[in-house]
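I have placed the structure first, in the form of structure tokens, so that the comments after it can refer back to it.
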Amino acid sequence: MRLAFITSNPGKVEEAQIYLSSFGVEVYQLRVEYPEIQADSLEEVAEYGVKWLAERIAGPFFLDDSGLFIPALKCFPGVYSAYVYKTLGVNGILKLMNGVGDRRAYFKSIIAYWDGDLHIFEGRVDGIITEEPKGSGGFGFDPIFRPSGFDRTFAEMTTGEKNRISHRGRALQGFATWLKENLK
Ligand code: IMP
């Protein structure tokens, strides 16, 4: 089956294509701008986006809302990750972390699938913010995020390696399992 992934982020698309192709699902990118509301949780942002899109385009489709959460910064940038990445960037986060002892961080991803009903899948990965950027793969905050139990940042991993442990990989795992069960 072919599924539309509504996003402007080719990095997210590559991850979903690599993950879902082994389940026989072909993912293609559909660029449709939709409102990303200011809300307290990724779930609310994703749900609003899906419902807005469902009134305008034919399903099925899915989108991903994700973010980086740093407990020492009161979980900033969190739901504001896309804006913070565009404005402060990776170096801005490193500056905010200057002198901060607790470098723990986590990524969270919400995948919202619309087939006439809304289905939500989520994933999380824990790790730390590195002292400096490393690696050239991936996108966004990948060069400064090192997942727990690994000595490389996401940007130093292949997409397949990142998918096996990442927030998005875990959300995709739930999504793929659900698709297998429900699309017989
Ligand atoms: P959104 O999901 O489009 O709102 O954007 C979330 C933002 O969080 C992106 O612009 C990235 O900066 C960041 N982000 C989300 N997932 C990842 C990831 O897997 N690696 C690195 N940064 C990410």
Side-chain angles (χ1 to χ4, degrees), residues 4-20 27 29-50 52-53 61-70 73 75-97 103-113 120-130 132-148 150 152-175:
F5 187 177
I6 304 200
T7 178
S8 56
N9 183 333
K12 288 185 181 181
V13 177
E14 189 196 347
E15 290 179 13
Q17 281 171 334
I18 289 182
Y19 196 95
L20 292 177
V27 171
Q29 180 174 11
L30 192 56
R31 283 174 185 269
V32 184
E33 296 288 329
Y34 60 90
E36 291 200 29
I37 57 163
Q38 280 201 3
D40 292 337
S41 71
L42 297 176
E43 289 84 347
E44 284 171 76
V45 181
E47 194 171 326
Y48 185 90
V50 165
W52 188 91
L53 285 163
F61 60 79
F62 69 99
L63 55 81
D64 162 293
D65 201 57
S66 43
L68 174 69
F69 297 77
I70 305 177
L73 304 181
C75 287
F76 186 80
V79 288
Y80 308 109
S81 293
Y83 178 73
V84 170
Y85 179 72
K86 269 185 249 150
T87 51
L88 302 180
V90 159
N91 288 322
I93 292 292
L94 288 181
K95 269 195 200 139
L96 290 174
M97 292 302 283
R103 301 189 73 86
R104 283 174 306 148
Y106 60 92
F107 272 117
K108 211 176 138 180
S109 163
I110 297 290
I111 288 185
Y113 176 59
I120 297 275
F121 307 92
E122 70 170 81
R124 169 178 165 154
V125 59
D126 288 89
I128 59 139
I129 301 297
T130 54
E132 55 186 40
K134 281 205 174 128
S136 55
F139 66 93
F141 297 110
D142 278 347
I144 56 166
F145 183 83
R146 194 166 71 217
S148 303
F150 291 80
R152 285 169 299 148
T153 66
F154 271 162
E156 293 177 290
M157 297 182 176
T158 64
T159 303
E161 279 177 305
K162 180 183 169 189
N163 267 348
R164 277 195 281 284
I165 51 173
S166 77
H167 50 311
R168 189 163 302 98
R170 286 174 178 157
L172 286 167
Q173 186 181 21
F175 184 26

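These values consider heavy atoms only, across backbone and side chains, with no hydrogens, waters or symmetry-generated copies. Since the structure is predicted, the reported quantities are computational estimates derived from the model, not experimental observations. For ligands, and for the atoms within them, numbers begin at 1 and follow the listed sequence.
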(message) Can you confirm, on distance only, whether ligand 1 has an N/O atom lying under 3.5 Å from any N/O atom belonging to E15?
(response) no
(request) Before signing off on this row, confirm whether D65 and ligand 1 have an N or O atom pair separated by under 3.5 Å. (result) yes
Taking only heavy atoms of [X], which atoms of ligand 1 are found under 4.0 Å from at least one of them?
X    : result
Y85  : 12 (O)
H167 : 16 (N), 17 (C), 18 (C), 19 (O)
A82  : 4 (O), 5 (O), 7 (C), 10 (O)
G140 : 12 (O), 21 (C), 22 (N)
S81  : 7 (C), 8 (O)

Where is the nearest protein heavy atom to [atom]: which residue, which atom, and how far?
atom                    : value
atom 15 (C) of ligand 1 : S66 OG, 3.1 Å
atom 13 (C) of ligand 1 : F141 CD1, 3.9 Å
atom 23 (C) of ligand 1 : F107 CE2, 3.4 Å
atom 16 (N) of ligand 1 : R168 NH2, 2.9 Å
atom 1 (P) of ligand 1  : K12 NZ, 3.4 Å

(request) May I ask you to decide if the ring planes of F141 and Y85 are parallel, tilted or perpendicular, using 30° and 60° as cut-offs? (result) perpendicular
(message) Can you classify the ring geometry of F145 versus F154 as parallel (below 30°), tilted (30 to 60°) or perpendicular (above 60°)?
(response) tilted
(message) Please identify which of these residues, F175, F5, F61, F62, meets the ring pair (Phe, Tyr, Trp, His ring centres under 6.0 Å) condition with Y113.
(response) F175
Salt-bridge present ([X], [Y]; N to O < 4.0 Å):
X    : Y    : value
R168 : E15  : yes
E43  : K108 : yes
D126 : R104 : no
R170 : E122 : no

(message) For I6 versus L63, what's the shortest heavy-atom pair and its separation?
(response) O-CB, 3.6 Å
(request) Quick one: closest heavy-atom pair of P143 and G135, and the distance? (result) CB-O, 4.2 Å
(message) Applying a heavy-atom cut-off of 4.0 Å, say which part of K162 lies close to ligand 1: side chain, backbone, both or neither.
(response) side chain
(message) Please work out, at 4.0 Å between heavy atoms, whether the side chain, the backbone, both, or neither of F154 comes within that distance of ligand 1.
(response) neither
(message) Quick check on side chain to side chain contact (heavy atoms under 4.5 Å, CB included): which of D64, L20, V27 does L172 satisfy it with?
(response) L20
(request) Please state whether D142 comes within less than 4.0 angstrom of ligand 1, counting heavy atoms only. (result) yes
